[in-house]
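One structure is given below, encoded as structure tokens.
So that the names make sense, note that chain A is the first sequence line, chain B the second, and so on, each numbered from 1. Predicted model only: the values in this text are computed from it and were never measured.
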There are 2 protein chains.
Amino acid sequence: MEGKANGPSENQAGRSVSGPTNPMVTPLLNDLYQFTMAYAYWKAGKHDERAVFDLYFRKNPFGGEYTIFAGLEECIRFIANFKLTEEEITFVRDSLPGSCEDGFFDYLRGINCSDVEVHAITEGSVVFPKVPLLRVEGPVAVVQLLETPFVNLINYASLVTTNAARHRFVASKSKMLLEFGLRRAQGPDGGIGASKYCYIGGFDATSNVAAGKLFGIPLRGTHSHAFVSSFMSPDEIIEKSLKSSDGSHTSEDFVSLVQTWLSKIQWSKSLHGIFGETNQSELAAFISYALAFPNNFLALVDTYDVMRSGVPNFCAVALALNDLGYKAVGIRLDSGDLAYLSCEARKFFRTIEKEFGVPDFEKMSITASNDLNEETLDALNKQGHEVDAFGIGTYLVTCYAQAALGCVFKLVEINKQPRIKLSEDVSKVSIPCKKRSYRLYGKEGYPLVDIMTGENEPPPKVGERILCRHPFNESKRAYVVPQKVEELLKCYWPGSSDKRREDLPTLKDTRERCIKQLEQMRPDHMRRLNPTPYKVSVSAKLYDFIHFLWLNEAPVGELQ
Amino acid sequence: MEGKANGPSENQAGRSVSGPTNPMVTPLLNDLYQFTMAYAYWKAGKHDERAVFDLYFRKNPFGGEYTIFAGLEECIRFIANFKLTEEEITFVRDSLPGSCEDGFFDYLRGINCSDVEVHAITEGSVVFPKVPLLRVEGPVAVVQLLETPFVNLINYASLVTTNAARHRFVASKSKMLLEFGLRRAQGPDGGIGASKYCYIGGFDATSNVAAGKLFGIPLRGTHSHAFVSSFMSPDEIIEKSLKSSDGSHTSEDFVSLVQTWLSKIQWSKSLHGIFGETNQSELAAFISYALAFPNNFLALVDTYDVMRSGVPNFCAVALALNDLGYKAVGIRLDSGDLAYLSCEARKFFRTIEKEFGVPDFEKMSITASNDLNEETLDALNKQGHEVDAFGIGTYLVTCYAQAALGCVFKLVEINKQPRIKLSEDVSKVSIPCKKRSYRLYGKEGYPLVDIMTGENEPPPKVGERILCRHPFNESKRAYVVPQKVEELLKCYWPGSSDKRREDLPTLKDTRERCIKQLEQMRPDHMRRLNPTPYKVSVSAKLYDFIHFLWLNEAPVGELQ
């Protein structure tokens, strides 16, 4: 391998791949032991031995039976631009014992990923434990340097995408889902990553401006409690005029128009007695916001009291806007009993519609956003609510219910020799060999089982009876006659091979793939409580080989 | 405020402050609503009104009664370089409704933080709920744009520092603590941030090379299971010679030397029968690692079987190294019953020391690293173990036990008018007014209580009797006669004031501060089970004012 100039490398098609979204993703974003191992491989003359590693996880998160795979694009961007700078090499040298030989640093200077092959499942796919998400093949010392960045880039990406998909599942398709997590995320790109991957997982928009700019994700946001309490009273509003929507006339005193509506509502026959004097600071804030955004008036109504102040104030401003031909958007609730308050607000809107003959006032949008998660969404559904959009932050982006996915990167072959990692805990034994994997579909179009085979076994065929075995449990096996066979691993980085490089899909395509794949799953795998595990298997041949290798490597005990 | 040229701004002392560690921390790392509000403030002519915001949290994490404050340096780096680029302004313009006036974007072009004042508690301090960590004062529209980045930069930093401090507390001072979390962290700078803040919280080193480079944190790392299983047998080792430590002689066949030692151990009178043939792949890996790092030989011993293969193989290599004047470092255990295995390994080392007369062989270092957290450390202590160093990853860096700290940023004053945010939930009511806060110390040197006062109240004095009131609970109050009074908020960014700017401490100083502050706390606040809450209070005057304002803003209900 010869060193290449810095800068984005080109693939076979001549198209260059941009670097990682976060410029901090460099070859040094790595565990030190990858470098100490690289040195030991080099010292043993072993560094160029061809190794195959599988990246996979062992257990679905959040008590569910599925995971969404995400993070692949960032991995490809990383290897496409993988190159140690002189400064980085100097730092590595300073971090290793002084006895390390110079030749190693010359070697480091020369490495890149032009001889590494990456096969992967398409980003946005539904995936399952033990089935490789990535199969990475190349010189052992180089591939070892990819372990930590790859696992870092995939672990959280897949976890938070899965979390978003689970929230979407509970919220149902008809609701708008907004990701509001930036401030509570685990660091700046915890926030940026969350926005990207929640969008893939089925969210509609984010509050995160940087993510909007980087990825083209739709943005949402209006105002906070601080905005409301920064005003004292409508008296402080200086510029009070508002031109009508069609430009035909101007209300010279929009504040008075609002105040007139407020007293009309207060004294209307159906609403009389529901509220007394509303909070004037809030009223001033709503009026100011409407003057700034007459076409986009959405008000946060819980700074003081939702039904006695926020909703009446909102309605007065919305009705005044309506007089000028503008249509208010709606309200946001950020505390209290969201089910109850949304129903009460809806009733209030309905009454306004009837009482004052304002068409569609009832359909005003209601957004809710207070510490929501899968459980609270489920509880809201059970109680009955009138919320149209959910703004979800903390629990979504930090994956509060389970903050980590345990992806691992295991050596499965070196120099064409299959390798296995044993463990007292059977679930931690790795599945050896360079493998292929397939998803087999049944008559009703649902995926039935994923099967891994040795690389050179003939692929499963449609209509053929195939024995699928549990990799470690002798008695668990089943015959399957697939109606469709899908090979899971595609070549996203061909290295020095002449394989065609799979294009990286756009973010929108990945999102659509994710949504479609979820819809395609048999419903019992997807339910929140006691979902049915999806089957993951190996071919009969691979099964036999695993167990041969296992016996071969495990020491024989001596009972004493 | 005039626009300034891009690049790091200078403080009064003329010293420039570097930008945020992560270049993705820009003014667009923000919630969209900060920009819509900025527009509404600007449209109302209110954008330059002087506002004071408090940044604080409401509840200590992890069921504890303390938190460590961290993230301040990154906040200061952010505001020192706060400036929207033309590209960013264009993006904001495209994200806001087309009706927004041009003048606003000229305004955005001109803003920076030269008129913002930031007072903060020193990074690395022990802190408590409700007491402001930061008090940020400046033009309301600008300060509003700081909310999201500040909260993002402080939330996770403080959370993970606290988590690290809690792990240190359980592990006790005498153990070495290594942060191994990069691959499981929530994104790349989840990893980099974790390494930095775990170091502040009392960890000794990290595996994360990038964090080592950025912050000068000591690095640790040796090899993985993949390294072990990448070897087949000692036969494949080509370069077998090893020069002695003092350079005086060379073993031409280090492999044979190791094999001789292995059979000596196996047939020694005290160890005979403990193990049969050890794994040859592992033996080859250990020998190769020792040949690469004869002075730093630390072996991962659980790839096949700890006591029947890993430990005997390690000892054979360590004894061969000893013949050549090198001292092996020790072993790492990454699975199984760590308490039991560490004790067994120690026994094995002791037997070797006695049997073969190798001084200090018993003291070989034992590192443990399998899914450790506060609970498992505690359990290991109770069982009794022989571990010298703990490598902690997933649970530490993702703050698995509680993945988010709920920091908030609340308006407490605008135009010299105190503001309050009400809520049905008393714990969510904000404490109004521009405030000062003090820590009062008792006779034994322990901190007794934190007290907040109005900005212009006279500070509490040593030896004076002070009434400390719970901010919301009428009946909770106590007199305190402090032996020492410490003002908590210091000026870290003077803005246009002539205050002296507090220097940002080095990372090492912050770490030392944290360790000292923790030692200074009364032990009952620190214990893991049922710790005593530390008292947080307000002055009598502030108490009265809070309740006056509360009554003033809350609507009066009408029972029907």
Side-chain angles (χ1 to χ4, degrees), chain A residues 22-25 28-33 36-37 39-40 43-44 91 95 97 148 151-152 155-156 182-184 186-191 193 207 209-210 213 219 221-223 225-227 229-230 288-289 292 296 304-305 308-309 335-336 394 398 400 403-404 411 414 419 421-424 555, chain B residues 22-25 28-33 36-37 39-40 43-44 91 95 97 148 151-152 155-156 182-184 186-191 193 207 209-210 213 219 221-223 225-227 229-230 288-289 292 296 304-305 308-309 335-336 394 398 400 403-404 411 414 419 421-424 555:
Chain A
N22 186 343
M24 298 175 89
V25 179
L28 291 205
L29 190 74
N30 232 322
D31 289 306
L32 181 67
Y33 80 2
T36 51
M37 285 192 277
Y39 181 73
K43 186 85 170 91
F91 185 75
S95 303
T148 309
V151 175
N152 176 284
N155 254 332
Y156 175 62
L182 176 56
R183 66 186 62 191
R184 299 285 168 84
Q186 296 197 353
D189 72 9
S207 64
V209 183
K213 182 162 185 290
L219 290 171
T222 53
H223 68 82
H225 296 117
F227 182 80
S229 52
S230 78
S288 295
Y289 198 82
N296 301 75
Y304 300 105
D305 187 302
R308 289 200 293 236
S309 185
S335 60
T394 313
T398 64
Y400 207 90
L411 179 71
I414 188 163
R419 305 306 288 149
K421 191 236 162 232
L422 303 184
S423 175
E424 307 263 321
Chain B
N22 185 343
M24 298 176 90
V25 179
L28 291 205
L29 190 76
N30 232 321
D31 289 306
L32 181 67
Y33 79 2
T36 53
M37 285 192 278
Y39 181 73
K43 186 84 172 91
F91 184 76
S95 304
T148 309
V151 176
N152 175 283
N155 254 332
Y156 174 62
L182 176 56
R183 66 185 62 191
R184 298 287 167 83
Q186 296 198 353
D189 71 11
S207 65
V209 183
K213 181 162 185 291
L219 290 172
T222 53
H223 68 83
H225 295 117
F227 181 80
S229 52
S230 78
S288 296
Y289 198 82
N296 300 75
Y304 300 104
D305 188 302
R308 287 201 294 236
S309 184
S335 60
T394 313
T398 65
Y400 208 90
L411 180 72
I414 187 163
R419 305 305 288 149
K421 192 238 161 231
L422 302 184
S423 175
E424 307 263 321

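Atom OG1 in A/Thr398 sits 10.0 Å away from atom CG in B/Asn155 (nearest 0.5 Å).
Between chain A and the residues B/Lys213, B/Lys421, B/His225, the largest count of heavy-atom pairs under 4.5 Å involves B/Lys213. Chosen from A/Thr394, A/Leu32, A/Thr36, A/Asp189, the residue pairing most often with chain B at heavy-atom distances under 4.5 Å is A/Asp189. The candidate with the highest count of non-hydrogen atom pairs below 4.5 Å against chain A, out of B/Ser335, B/Ala210, B/Ala44, is B/Ala210. Taking B/Asn296, B/Ile414, B/Thr222 one by one and counting their heavy-atom pairs under 4.5 Å with chain A, the maximum is reached by B/Thr222. Comparing B/Pro97, B/Ser95, B/Gly191 by heavy-atom pairs within less than 4.5 Å of chain A, the highest count is held by B/Pro97. Residue with the most contacts toward chain B among A/Gly187, A/Ala292, A/Ala226, A/Ser207: A/Ser207 (heavy-atom pairs, distance under 4.5 Å). The most heavy-atom pairs under 4.5 Å with chain B, out of A/Gly336, A/Gly221, A/Ser288, come from A/Gly221.
Minimum interatomic distance between B/Leu219 and A/Phe91 (heavy atoms only, all atoms of both residues): CD1-CE2, 3.8 Å. Heavy-atom minimum distance, B/Pro188 versus A/Leu29: CB-CD2, 3.7 Å. Between A/Tyr289 and B/Ala40, the shortest heavy-atom contact is CD1-CB, 4.0 Å.
Side-chain contact between B/Leu411 and A/Phe227: absent, with no pair of heavy atoms (C-beta onward) separated by less than 4.5 Å.
Without hydrogens or angle criteria, A/Asn152 side chain to B/Leu182 main chain gives a donor-acceptor distance under 3.5 Å. Looking only at distances, a side-chain donor or acceptor of B/Arg419 sits under 3.5 Å from a matching main-chain atom of A/Ser229. Within the 3.5 Å criterion, the main-chain N or O of B/Met24 finds no donor-acceptor partner in the side chain of A/Asn22.
B/Ser230 touches chain A through backbone and side chain together, each having a heavy atom under 4.5 Å away.
By the side-chain hydrogen bond (donor to acceptor under 3.5 Å, both in side chains) test, A/Thr148 pairs with A/Asn30, A/Asp31, A/Gln34, sequence neighbours left out.
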